[in-house]
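Step one of this worksheet: look at the structure below.
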Amino acid sequence: KQYELNKNQVIIQSFDQNFIKQLYLKHYGYRLGVLLSKKRYWYKMPSFKKIAEYADYVNPHYSLVTEAFMKKAHDYGLKVMPYTVNEKRQAIKLIRIGVDGLISDKPHRLFC
């Protein structure tokens, strides 16, 4: 509030799903995302249904994204923005699968 940030330009995200739930319950009005680690979700899908109750985005490590992952996330109205995509080859593959955005430390590498 202090900096009068445009709520349409901010996505608050965290690996801590309880923190994101608490923000949702406080009705701040910002878009919320849950980060998903490769270690925790390598062998299982997240509960998209539960996440969709309080978040707008599910943001997995890029290696977790498959067509099946995308379908399930989209079935629950979640947008998908994988992290940390720093290689053009990775970005192209993910865009073809249908991600809604990318999180990168080096965006200049992706589109130059």
Self-check item: Value rounded to 0.5 Å, distance of NZ in Lys88 from CD1 in Ile95
Solution: 10.0 Å
Practice problem: Could you verify whether a donor N or O on one side chain and an acceptor N or O on the other, from Tyr54 and Gln17, lie under 3.5 Å apart? | Solution: yes
Quiz item: Are the side chains of Tyr62 and Ser104 in touch, meaning some heavy atoms are under 4.5 Å apart?
Solution: no
All N/O donor-acceptor pairs, side-chain side in residues 105-112, below 3.5 Å, sequence neighbours left out:
from: Arg109; atom 1: NH1; to: Glu87; atom 2: OE2; distance (Å): 3.0

Self-check item: Atom pair CD1 (Ile51) and CD1 (Ile20), whose distance is rounded to the nearest 0.5 Å
Solution: 10.5 Å
Quiz item: Is the closest side-chain heavy-atom distance between Asn59 and Ile103 below 4.5 Å?
Solution: yes
Quiz prompt | Any side-chain heavy-atom pair of Lys72 and Leu78 under 4.5 Å | solution = no
Quiz item: Centres of the Tyr41 and Phe69 rings: under 6.0 Å?
Solution: no
Practice problem: Determine the interplanar angle of the Phe48 and Tyr76 rings, folded into 0 to 90°, and report it as parallel if under 30°, tilted if 30 to 60°, perpendicular if over 60°. | Solution: parallel
Exercise. Please check if Val58 and Ile12 belong to a single hydrophobic cluster, counting links between Ile, Leu, Val, Met, Phe, Trp and Tyr side chain heavy atoms closer than 4.5 Å.
Key: yes
Quiz item: In terms of hydrophobic clustering (I, L, V, M, F, W, Y; side-chain heavy atoms under 4.5 Å; direct or indirect links), are Val10 and Leu102 co-clustered?
Solution: yes
Quiz item: Are the side chains of Ser63 and Trp42 in touch, meaning some heavy atoms are under 4.5 Å apart?
Solution: yes
Quiz item: So does Phe19 have more than 12 non-hydrogen atoms from other groups sitting under 6.0 Å from CZ?
Solution: no
Quiz item: Can you name the closest pair of heavy atoms from Gly101 and Pro82 and give their distance?
Solution: O-CD, 3.2 Å
Quiz item: Heavy atoms, side chains only, cut-off 4.5 Å: are Val85 and Leu94 in contact?
Solution: yes
Quiz prompt | Neighbour count above 12 (heavy atom, 6.0 Å) for Lys7 NZ | solution = yes
Quiz item: Stepwise, does the side-chain contact (heavy atoms from CB on, under 4.5 Å) test hold for Met81 with Ile11?
Solution: CA-CA 11 Å; Met81 286 197 315; Ile11 300 169; 3.7 Å; yes
Quiz item: What distance separates Leu64 CG from Lys39 NZ, expressed to the nearest 0.5 Å?
Solution: 14.0 Å
Quiz item: Considering only heavy atoms from C-beta outward, does the side chain of Ile97 approach that of Lys93 to under 4.5 Å?
Solution: yes
Self-check item: pair Ser14-Asp16: side-chain heavy atoms closer than 4.5 Å
Solution: yes
Quiz item: Heavy atoms, side chains only, cut-off 4.5 Å: are Val34 and Gln13 in contact?
Solution: no
Distance-only check: which donor-acceptor pairs under 3.5 Å involve side-chain atoms of residues 23-31, not counting sequence neighbours?
from: His27; atom 1: NE2; to: Leu25; atom 2: O; distance (Å): 3.4
from: Arg31; atom 1: NH1; to: Tyr57; atom 2: OH; distance (Å): 3.3
from: Arg31; atom 1: NH2; to: Asn8; atom 2: O; distance (Å): 2.5

